[in-house]
2 protein chains.
Amino acid sequence: MVKVRKSKVTPPPTECPLSGCMKLIRGAWTPHVIWYLKAEPRRFSELKSDIKGVSAKVLSTRLKELEEAGVVLREAMNTSPPTVEYSLTELGRELQPAIAAIVSVSEKLKKQKYARLGYAR
Amino acid sequence: MVKVRKSKVTPPPTECPLSGCMKLIRGAWTPHVIWYLKAEPRRFSELKSDIKGVSAKVLSTRLKELEEAGVVLREAMNTSPPTVEYSLTELGRELQPAIAAIVSVSEKLKKQKYARLGYAR
DNA sequence: CAGCATCCCTCATGATACTG
DNA sequence: CAGTATCATGAGGGATGCTG
């Protein structure tokens with residue numbers, strides 16, 4: 001009989017903190033949005049062309065979710081034609097390094113994989 | 001006429017590095033797997049009970065993907081009954097802080113939101 | 001114990017068209 | 001420009017049952 005060992009990793013306090021994490025980065029394009037907002041505020045259509053392949057509907061949905069979560073700030077400018085600028089909130093900016101770290105790891109993994117397969121040259 | 005400003009964010013070298021990122025953390029349970037492997041190797045059924053709500057099928061799929069990607073190491077122990085231990089590779093371990101950072105931000109956002117709504121007490 | 005095979009079903013995404 | 005409405009699709013996920 002194999003005994004199930006007790007996990008040494010403490011589970012989150014109330015309910016899964018990872019759930020919150022998942023809600024934040026849910027959606028295929030969420031990392032892209034945060035990525036492209038890192039340097040400066042961007043308008044809707046700018047983001048849409050920054051992020052190749054995203055549809056207006058999905059982009060709009062993500063932006064609304066991120067705004068609701070407190071990651072992104074939406075600011076309608078009183079110009080003609082009307083423009084809207086999106087930017088990262090202070091907390092939103094804290095997500096940037098995390099995403100960068102994941103990207104970095106995935107880059108290293110890619111290289112490692114090529115080497116493993118002998119595609120090094 | 002509104003001019004579309006050039007983005008100052010450099011797009012990834014060859015093709016979207018964020019795609020690689022997405023592939024890494026794709027799947028609802030991927031962060032959980034990495035989270036629960038951070039301290040020590042875990043067996044399949046241990047992980048399954050660590051991660052409440054995950055099905056064997058999905059867990060198995062994620063583990064296979066992560067192993068294929070080079071994030072997780074699978075080691076079959078020659079015991080009876082057979083046991084299999086999963087652990088993080090060196091690069092896999094680099095993902096841990098990133099996930100922790102995202103969790104941290106999501107916790108802060110949650111508190112901020114409660115405060116905003118007046119549920120502070 | 002450690003999975004794989006199957007069936008089903010929901011949700012996110014994509015495309016298209018339209019509005020303020 | 002900055003979206004919303006509607007429809008169609010399909011991949012990911014859950015449940016169950018079976019194998020080595």
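In the text below, chain A, chain B and the rest are named by the order of the sequence lines, each starting its count at 1.
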(request) Between B/Val84 and A/Gly27, just flag the one whose closest nucleotide in DNA chain C comes earlier from the 5' side. (result) B/Val84
For [N], take OP1 and OP2 only and decide whether either is under 4.0 Å from a side-chain N or O of [X].
| X | N | answer |
| --- | --- | --- |
| B/Thr83 | C/dC1 | no |
| A/Ser60 | D/dT4 | yes |
| A/Arg43 | D/dC1 | no |
| B/Tyr86 | C/dC1 | no |

Specify the separation, in whole Å, of atom [atom1] of [X] and atom [atom2] of [N].
| X | N | atom1 | atom2 | answer |
| --- | --- | --- | --- | --- |
| A/Glu75 | D/dG3 | CD | P | 13 Å |
| A/Lys48 | D/dT4 | NZ | C1' | 14 Å |
| A/Met22 | C/dA12 | CE | C1' | 13 Å |
| A/Leu63 | D/dC1 | CG | P | 16 Å |
| A/Leu59 | C/dA15 | CG | P | 14 Å |
| A/Arg74 | D/dT4 | CZ | C1' | 13 Å |
| B/Arg26 | D/dG10 | CZ | C1' | 14 Å |
| B/Arg42 | C/dG3 | CZ | C1' | 18 Å |

(request) Side chain of B/Arg62 only, please: which of D/dG13, C/dG14, C/dA2 is the nearest? (result) D/dG13
(message) From C-beta outward on A/Phe44, which listed nucleotide comes closest to its side chain: D/dC1, C/dC1, D/dG3?
(response) D/dG3
(request) Between protein and nucleotides 15-20 of chain D, map the contacts as a letter string: B base, S sugar-phosphate only, - none, heavy atoms under 4.0 Å, written 5' to 3'. (result) B-----
(request) Flag the pair B/Glu67 and B/Lys64 as a salt bridge only when some basic side-chain nitrogen lies within less than 4.0 angstrom of an acidic carboxylate oxygen. (result) no
(message) Any salt bridge linking B/Glu46 with B/Lys48? Criterion: basic side-chain nitrogen under 4.0 Å from a carboxylate oxygen.
(response) no
(request) Give one of base, sugar-phosphate or nothing for B/Ala28, where a contact means two heavy atoms less than 4.0 Å apart. (result) sugar-phosphate
(message) Counting neighbours of CD on B/Gln112 that are heavy atoms of other residues, nucleotides or ligands and sit closer than 6.0 Å, is the number greater than 12?
(response) yes
Min side-chain heavy-atom separation [X]-[Y] under 4.5 Å:
| X | Y | value |
| --- | --- | --- |
| B/Lys108 | A/Glu94 | yes |
| B/Tyr86 | B/Arg74 | yes |
| B/Leu109 | B/Lys113 | no |

(message) Ring centroids only, cut at 6.0 angstrom: are A/His32 and A/Trp29 within range, meaning strictly under it?
(response) yes
